*Asks:* 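Here it is, the structure in full.
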Amino acid sequence: MSRVISKAFKTLKLEAPSSGVLHVSLNRPENFNAVNPQMWLDLKACFEQIKMDNDVNAVVLSGTGKNFCAGLDLKEGLPITSGLEQPTETPRDVARKGYYNHMMVLELQKSISAIEECSKPVLCAIDNACIGAGVDIATSCDIRYCTKDAFFSIKEVDIGMAADVGTLQRLPKVVGNISWARELAFTARKALADEALQFGLVSRIFNDKKELLDFTLKMAADIAGKSPVAVTSTKTVLNYSRDHSVQDGLNHVALWNTLMHNTNDVNSAITAFLKKKSPKFSKL
Ligand SMILES: CC/C=C\C=C\CC(=O)SCCNC(=O)CCNC(=O)[C@H](O)C(C)(C)COP(=O)(O)OP(=O)(O)OC[C@H]1O[C@@H](n2cnc3c(N)ncnc32)[C@H](O)[C@@H]1OP(=O)(O)O
């Protein structure tokens with residue numbers, strides 16, 4: 001299926017539906033794809049591997065079963081990531097306990113940020129519940145589509161905490177409407193699909209999951225057929241520009257393209273255009 005992604009993940013299902021496309025599904029349907037400790041680890045490893053896999057040019061991320069993601073697994077409790085277990089010797093003071101809690105949250109943030117930092121576009125297909133950590137995951141993706149029965153809830157305040165692995169940082173930038181983003185974050189109320197579309201959290205709504213996945217996979221295939229140099233460069237430049245001034249962004253793309261303009265893909269694309277043919281690009 002792919003050059004780099006060789007191992008199976010316990011909580012993720014991987015499929016290669018068409019050339020250059022990898023379909024990653026959160027795969028704990030019996031638990032509504034709640035994020036348990038294993039899924040935190042799997043998400044990070046999977047998206048770090050995709051970044052290095054030149055068989056993959058675009059990724060679709062969805063959930064198996066009836067919901068996209070019910071958030072943190074409330075039965076398995078707060079995640080303990082490998083190597084970050086609290087030492088058990090006693091007595092341990094507040095600073096020592098706090099140190100490990102701090103490190104744990106930073107580790108969990110990496111699992112979500114791996115999606116954003118994966119250099120291939122990630123298209124998120126959301127159906128039904130997208131709650132808590134599900135919103136963290138969705139907002140770290142490049143494109144979001146959903147079914148008409150989808151709903152979004154930044155549920156963390158209802159379990160007594162501030163969301164801390166990405167939603168509060170990314171959602172306001174995704175939607176632009178800071179007042180709406182803060183309203184959702186303070187109230188944990190459900191935003192239904194129409195409202196998510198209205199405020200720009202998703203860019204399209206579909207009648208059912210089949211329509212959603214058919215369209216998302218087609219869009220991913222379209223992206224995967226383009227120059228991988230152009231597509232990964234575009235994601236890199238968009239991500240950088242989101243977090244910097246216009247001038248810094250312009251300087252960054254000028255420097256980036258000093259190297260990337262040397263690609264054969266520009267010649268291939270222009271030659272194909274002039275010959276009225278479809279361009280063919282080699283792998284990244
Ligand atoms: C450092 C920390 C990093 C990240 C932190 C993230 C925080 C969060 O993610 S906060 C959000 C946590 N999630 C929730 O609050 C969602 C809770 N679930 C629901 O609201 C609902 O269950 C539902 C997903 C909307 C589905 O509703 P419904 O179809 O009516 O099913 P239920 O009868 O409510 O549930 C069936 C069954 O599933 C269990 N379950 C649901 N969600 C979770 C979950 N997140 N974790 C574990 N288990 C879950 C629920 O308890 C039921 O189990 P039974 O054993 O059958 O009672």
Side-chain angles (χ1 to χ4, degrees), residues 10-12 25-47 61-86 94 97-117 124-141 144 146-172 174 181-193 195-196 201-202 208-209:
K10 286 188 187 136
T11 66
L12 304 175
S25 305
L26 308 178
N27 193 26
R28 302 186 69 231
E30 66 289 356
N31 304 97
F32 299 162
N33 298 319
V35 186
N36 70 346
Q38 185 62 47
M39 193 183 284
W40 291 103
L41 297 176
D42 286 351
L43 280 171
K44 179 167 180 284
C46 181
F47 279 90
L61 178 58
S62 67
T64 57
K66 290 185 184 156
N67 295 278
F68 173 68
C69 177
L72 181 70
D73 190 312
L74 300 174
K75 289 177 181 158
E76 295 199 29
L78 269 176
I80 297 168
T81 57
S82 57
L84 283 173
E85 293 86 354
Q86 290 263 352
V94 171
K97 288 179 187 163
Y99 172 81
Y100 284 96
N101 285 339
H102 182 217
M103 289 299 133
M104 181 186 71
V105 175
L106 291 176
E107 275 306 302
L108 299 178
Q109 289 175 353
K110 289 180 191 167
S111 300
I112 305 295
S113 295
I115 301 170
E116 182 176 270
E117 287 163 14
C124 192
I126 300 150
D127 66 308
N128 210 351
C130 179
I131 302 175
V135 182
D136 291 302
I137 291 170
T139 51
S140 69
C141 296
R144 282 158 295 282
C146 72
T147 51
K148 66 181 182 191
D149 67 0
F151 67 90
F152 300 81
S153 168
I154 305 172
K155 195 74 177 149
E156 281 83 346
V157 284
D158 281 350
I159 62 164
M161 59 178 280
D164 54 5
V165 293
T167 291
L168 299 185
Q169 290 67 38
R170 294 188 176 103
L171 180 70
V174 166
R182 286 182 179 230
E183 180 189 303
L184 292 194
F186 288 136
T187 64
R189 77 166 176 82
K190 287 181 184 177
L192 304 183
E195 192 184 350
L201 177 53
V202 299
D208 56 37
K209 193 167 180 179

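Numbering of ligands and ligand atoms starts at 1, following listing order. Keep in mind that this is a model prediction, so the values were computed, not measured.
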*Asks:* With atom 23 (C) of ligand 1 as the reference point, say which of Ile137, Ile131, Val35 has the nearest heavy atom.
*Replies:* Ile131

*Asks:* Is there a heavy atom in Leu108 that sits closer than 4.0 Å to ligand 1?
*Replies:* yes

*Asks:* Can you list the atoms of ligand 1 that are under 4.0 Å from a heavy atom of Gly71?
*Replies:* 9 (O)

*Asks:* Counting only heavy atoms, tell me which of Phe32, Trp40, Phe68, Phe151 gets closest to atom 27 (O) of ligand 1.
*Replies:* Phe32

*Asks:* Any chance the side chains of Asp149 and Thr147 put a donor and an acceptor closer than 3.5 Å?
*Replies:* yes

*Asks:* Are the side chains of Glu76 and Asn31 in touch, meaning some heavy atoms are under 4.5 Å apart?
*Replies:* no

*Asks:* Decide yes or no for Leu26 and Leu43: does some side-chain heavy atom of the first lie under 4.5 Å from some side-chain heavy atom of the second?
*Replies:* yes

*Asks:* Against ligand 1, does Asn67 come closer than 4.0 Å with any heavy atom?
*Replies:* no

*Asks:* Calculate, to the nearest 0.5 Å, the distance between atoms CE and CD belonging to Met104 and Gln109 respectively.
*Replies:* 10.5 Å

*Asks:* Does Leu74, backbone or side chain, put an N or O under 3.5 Å from an N or O of ligand 1?
*Replies:* yes

*Asks:* Give a yes or no answer on whether the side chain of Asn128 reaches the backbone of Lys66 with a donor-acceptor pair at less than 3.5 Å.
*Replies:* yes

*Asks:* Quick check for you: to the nearest 0.5 Å, what is the distance between Lys44 atom NZ and Glu107 atom CD?
*Replies:* 6.0 Å

*Asks:* Does any N or O atom in Ala133 lie less than 3.5 angstrom from one in ligand 1, N or O only?
*Replies:* yes

*Asks:* Just heavy atoms, cut-off under 4.0 Å: does Asp158 contact ligand 1 by side chain, backbone, both, or neither?
*Replies:* neither

*Asks:* Going by distance only, is there an N or O of Lys75 that falls short of 3.5 Å from an N or O of ligand 1?
*Replies:* yes

*Asks:* Purely on distance, is any nitrogen or oxygen of Ala70 under 3.5 Å from one on ligand 1?
*Replies:* yes

*Asks:* So do Arg170 and Ser113 actually touch side chain to side chain, heavy atoms under 4.5 Å?
*Replies:* yes

*Asks:* Please list, chain by chain and in numerical order, all residues satisfying salt bridge (Lys or Arg N to Asp or Glu O under 4.0 Å) with Glu117, sequence neighbours excluded.
*Replies:* none

*Asks:* Identify, by atom number and element, the atoms of ligand 1 in contact range of Asp164, meaning under 4.0 Å from any of its heavy atoms.
*Replies:* 1 (C), 2 (C), 3 (C)

